[in-house]
J.: 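Below is a structure I'd like to ask you about.
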Amino acid sequence: MQAYLFLLLLVVISLIAKNQSLLIASGFLLALKAIGLDAKWFDLMGKNGINWGVTVITIAVLVPIATGAIGFKELGSALKSPYAWIALSAGIIVALIAKNGVVLLAEDPHITTALVFGTVLAVALFNGVPVGPLIGAGIAYYAMKLYSMFQ
């Protein structure tokens, strides 16, 4: 019963915050639970959902390459810009941080609760985009390492 109430609360919050992503996600999970498909699908989505999401985001990012809007000429031109090098560096750093997020979630799964709650708050209250659980876990990983150094 608690899961239904929590999901309903998220639906209400998403309606108030006008956050379509949170509304679709919480509504979809609520519907799966209500029709009894939760036992079959929740485990699968829990294990593979992040990978599926990363794949969908990667597809979206690669669309300009697939359409020909970005080619080798544009890449060469972009790399002449200091901003491109900053973006390239940021991409590398974020990927490395996320890698340690995977490590943290595997070693300490209960931390997922806090990360999910933080993500939901950011999405619902600040119109954030829920693409950061792995980055959040990676940042938490480094923050925990730093914290443990001073213990």
Side-chain angles (χ1 to χ4, degrees), residues 3 6-7 9-32 38 40-151:
F6 205 136
L7 287 169
L9 177 63
L10 291 175
V11 167
V12 170
I13 290 170
S14 65
L15 289 170
I16 292 168
K18 295 181 175 109
N19 190 303
Q20 186 178 8
S21 296
L22 183 59
L23 177 63
I24 291 169
S26 53
F28 178 73
L29 294 173
L30 189 60
L32 282 180
D38 54 324
K40 180 177 182 179
W41 289 98
F42 283 5
D43 188 49
L44 181 67
M45 288 186 290
K47 289 180 182 173
N48 300 306
I50 290 176
N51 290 330
W52 295 340
V54 169
T55 300
V56 169
I57 290 169
T58 303
I59 290 169
V61 168
L62 295 178
V63 165
I65 293 171
T67 63
I70 295 176
F72 291 111
K73 180 182 175 188
E74 290 77 16
L75 176 61
S77 297
L79 291 179
K80 295 176 185 170
S81 159
Y83 291 136
W85 287 99
I86 292 169
L88 179 69
S89 300
I92 291 169
I93 291 167
V94 166
L96 293 173
I97 290 171
K99 177 183 85 168
N100 287 308
V102 172
V103 170
L104 176 65
L105 294 177
E107 291 176 355
D108 202 358
H110 82 276
I111 204 72
T112 303
T113 305
L115 286 166
V116 167
F117 188 62
T119 301
V120 167
L121 285 175
V123 168
L125 302 177
F126 306 113
N127 212 20
V129 179
V131 296
L134 286 177
I135 304 302
I139 292 169
Y141 173 87
Y142 285 111
M144 289 173 189
K145 291 291 183 191
L146 185 63
Y147 179 79
S148 68
M149 286 174 33
F150 294 103
Q151 289 295 10

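Numbering of residues begins at 1 and proceeds along the displayed sequence. Every heavy atom of this structure was used, including side-chain atoms; hydrogens, water molecules and symmetry mates were not.
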J.: Give a yes or no on whether the backbone of Leu79 and the side-chain of Trp85 come within a donor-acceptor separation of less than 3.5 Å.
T.: yes
J.: Evaluate Met45 against Phe28 for side-chain contact (heavy atoms from CB on, under 4.5 Å), listing each step before the verdict.
T.: CA-CA 12 Å; Met45 288 186 290; Phe28 178 73; 3.8 Å; yes
J.: What heavy-atom pair brings Ala84 and Ala78 nearest, and what distance separates the two atoms?
T.: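 The answer is CB-O, 2.8 Å.
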J.: Nearest 0.5 angstrom please: Thr67 OG1 to Leu62 CG, how far?
T.: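 Between atom OG1 of Thr67 and atom CG of Leu62 there are 10.5 Å.
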J.: Please collect all side-chain hydrogen bond (donor to acceptor under 3.5 Å, both in side chains) contacts where either partner lies in residues 133-150, sequence neighbours excluded, each pair once.
T.: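 Counting only pairs at least two positions apart or across chains, the side-chain hydrogen bond (donor to acceptor under 3.5 Å, both in side chains) contacts touching residues 133-150 are Asn100-Tyr142, Tyr147-Gln151.
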J.: Which residues pass the side chain to side chain donor-acceptor pair (under 3.5 Å) test with Asn48, sequence neighbours left out?
T.: none
J.: Apply side-chain contact (heavy atoms from CB on, under 4.5 Å) to Met144 and Ile111, showing your working.
T.: CA-CA 11 Å; Met144 289 173 189; Ile111 204 72; 3.4 Å; yes
J.: In Å and rounded to the nearest 0.5 Å, what is the CD1 to CG distance from Ile135 to Leu115?
T.: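 Answer rounded to 0.5 Å: 11.5 Å.
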J.: Give, for atom OG of Ser26 and atom CG of Leu15, the distance between the pair rounded to the nearest 0.5 Å.
T.: 8.0 Å
J.: Can you tell me how far the CD1 atom of Ile13 sits from the CG atom of Leu22, to the nearest 0.5 Å?
T.: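 Here the interatomic distance stands at 7.5 Å.
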J.: How many angstroms lie between CG in Leu7 and CG in Asp38, if you round to the nearest 0.5 Å?
T.: 10.0 Å
J.: How long is the span from the CG atom in Leu125 to the CD1 atom in Ile16, to the nearest 0.5 Å?
T.: 10.0 Å
J.: If you count every heavy atom of other residues, nucleotides or ligands that lies below 6.0 Å from Trp52 atom CH2, does the total exceed 12?
T.: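 Yes, CH2 of Trp52 has more than 12 neighbouring heavy atoms, counting only those of other groups under 6.0 Å.
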